Amino acid sequence: MTYRKIVEMIPIEKREKLTAKLIDYTLKSKNADKMPSSLAKTILHHWQQSLLTNEAGLAALLEAGAILEPEKTMSFLGEELQLPDVVKAIRAAK
């Protein structure tokens, strides 16, 4: 399953909160060297266009969160946002 399909599983009302958290994880991560440059460019492009909360922007952030801070990302999705199916889908996508 692609990250874009996974984003479709996330309720619209939870996307803004998830976007903010994933931006935080991405910017503060000590694992920045793990992020592919193409993914970083995609995120920056969507950020410049104010499109991080749309499906493509959130898919890029979700992928970055899974790469850079997988434990924090999965914990936030599962515990805070109550989205265990999304956690399973991300784990299967890796």
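These numbers were taken from a predicted model, which means no experiment stands behind them. Position 1 is the first residue of the sequence; numbering continues from there. Atoms considered below: every heavy atom in the structure, side chains included; atoms not considered: hydrogens, waters and symmetry mates.
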Shortest non-hydrogen contact from [X] toward [Y]:
{"X": "Gly65", "Y": "Leu22", "value": "CA-CD2, 4.2 Å"}
{"X": "Asp85", "Y": "Met9", "value": "O-CE, 3.5 Å"}
{"X": "Pro36", "Y": "Ile67", "value": "CD-CD1, 4.0 Å"}
{"X": "Ala64", "Y": "Thr26", "value": "CB-OG1, 4.0 Å"}
{"X": "Leu83", "Y": "Pro11", "value": "CD2-CD, 3.8 Å"}

Could you tell me the separation between the [atom1] atom of [X] and the [atom2] atom of [Y], rounded to the nearest 0.5 Å?
{"X": "Lys14", "Y": "Leu77", "atom1": "NZ", "atom2": "CG", "result": "10.0 Å"}
{"X": "Leu61", "Y": "Thr73", "atom1": "CG", "atom2": "OG1", "result": "10.0 Å"}
{"X": "Glu71", "Y": "Phe76", "atom1": "CD", "atom2": "CZ", "result": "16.0 Å"}
{"X": "Leu52", "Y": "Leu18", "atom1": "CG", "atom2": "CG", "result": "11.0 Å"}

Do [X] and [Y] belong together in a cluster built from hydrophobic side chains that touch within less than 4.5 Å?
{"X": "Trp47", "Y": "Leu58", "answer": "yes"}
{"X": "Leu39", "Y": "Leu27", "answer": "yes"}
{"X": "Leu44", "Y": "Leu68", "answer": "no"}

Less than 4.0 Å between a side-chain N and a carboxylate O, is that true for Lys21 and Glu80?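 Salt bridge absent between Glu80 and Lys21.
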Measure the shortest side-chain to side-chain distance between Ile10 and Leu62 over non-hydrogen atoms and say whether it is less than 4.5 angstrom.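 Yes, at least one pair of side-chain atoms sits under 4.5 Å.
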Tyr3/Glu55 under side chain to side chain contact (heavy atoms under 4.5 Å, CB included): CA gap, chis, key distance, verdict: CA-CA 9 Å; Tyr3 282 96; Glu55 287 183 8; over 6 Å; no
Just by distance, do the side chain of [X] and the backbone of [Y] share a donor-acceptor pair under 3.5 Å?
{"X": "Asn54", "Y": "Gly57", "answer": "yes"}
{"X": "Arg15", "Y": "Val7", "answer": "yes"}
{"X": "His46", "Y": "Thr42", "answer": "yes"}

side-chain contact (heavy atoms from CB on, under 4.5 Å) with Lys72: which residues, sequence neighbours excluded?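 Testing Lys72 for side-chain contact (heavy atoms from CB on, under 4.5 Å), a comparison that skips the adjacent residues, returns Tyr25, Glu69.
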Atom CD of Glu8: over 12 foreign heavy atoms under 6.0 Å: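 Atom CD in Glu8 is crowded, with more than 12 foreign heavy atoms closer than 6.0 Å.
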